[in-house]
Amino acid sequence: MAKQRNDRQEAIRQIIREKSIRTQRALVEELQELGFSCTQATVSRDITEMGLRKLPEGIYVLSEDLHLQRMLSEFVVDVLRAENLVVIKCQPGTASGVAAAIDGAALSHALGSVAGNDTVLVVAVDGKQAADLQALVKKLGSSK
């Protein structure tokens, strides 16, 4: 039972990071597409246990991503990708803080980051992971 809950909550973590989920029903539907049999009540308990929060725009975000979201929405200007590399353009003097927030969020997409004055370079395992990271940074960064 605990393994099933842990697997479901890990799937929720991935879904929340990859998609803009606004309702518990939408989250249940995403989980069902992944083969999890669950109800809205189960998902409601998972949301509480995991500490998910809703941004003012109405999308769910992981509590551990809130700091990352604030940093990205305040300081990121653009996000570019080349193969397995993600380049995050920031306001001058803020790149090290953005890189620290990315590292602190322990994103599975990111192997590590290097920051300059206004640019963060994040290395991903492959192009798909880099594309997922780019999408996540854009999603969290657009929440102003």
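If you read the sequence from its start, that first residue is 1, and numbering goes on from there.
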Rounded to the nearest 0.5 Å, what separation is found between the [atom1] atom of [X] and the [atom2] atom of [Y]?
| X | Y | atom1 | atom2 | result |
| --- | --- | --- | --- | --- |
| R8 | D46 | CZ | CG | 4.0 Å |
| S44 | E49 | OG | CD | 10.5 Å |
| K19 | Q14 | NZ | CD | 11.5 Å |
| R17 | S108 | CZ | OG | 6.5 Å |
| M71 | C90 | CE | SG | 8.5 Å |
| Q91 | N117 | CD | CG | 11.5 Å |

Is the shortest side-chain heavy-atom distance between [X] and [Y] below 4.5 Å?
| X | Y | value |
| --- | --- | --- |
| V86 | L80 | no |
| D118 | K89 | no |
| E74 | T94 | no |
| L107 | L68 | yes |

Does the [X] side chain pair with the main chain of [Y], one donor and one acceptor, at a distance under 3.5 Å?
| X | Y | value |
| --- | --- | --- |
| R22 | E57 | yes |
| E18 | D132 | no |
| R5 | D7 | no |
| N84 | G127 | no |

With sequence neighbours left out, write down each residue that passes side-chain contact (heavy atoms from CB on, under 4.5 Å) with R53, or none if nothing qualifies.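 Scan of R53 (side-chain contact (heavy atoms from CB on, under 4.5 Å), adjacent residues dropped) gives V61, L66.
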Under the side-chain contact (heavy atoms from CB on, under 4.5 Å) test, residues paired with D126 that sit two or more places apart: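 Expected list: K128, Q129.
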Over all heavy atoms of both residues, which pair between [X] and [Y] is shortest? Give the atoms and the distance, please.
| X | Y | answer |
| --- | --- | --- |
| A99 | S113 | CB-OG, 3.6 Å |
| V122 | V120 | CG2-CG1, 3.8 Å |
| S73 | L140 | CB-O, 4.0 Å |

What residues join V28 in its hydrophobic cluster, counting side-chain heavy atom gaps under 4.5 Å, either direct or through other members?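 Under the 4.5 Å side-chain rule, V28 groups with I12, I15, I16, I21, L27, L31, L34, F36, V43, I47, M50, L52, Y60, L62.
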Cluster link [X] to [Y], ILVMFWY, side chain under 4.5 Å:
| X | Y | result |
| --- | --- | --- |
| L136 | L121 | no |
| V123 | V125 | yes |
| L55 | L72 | yes |

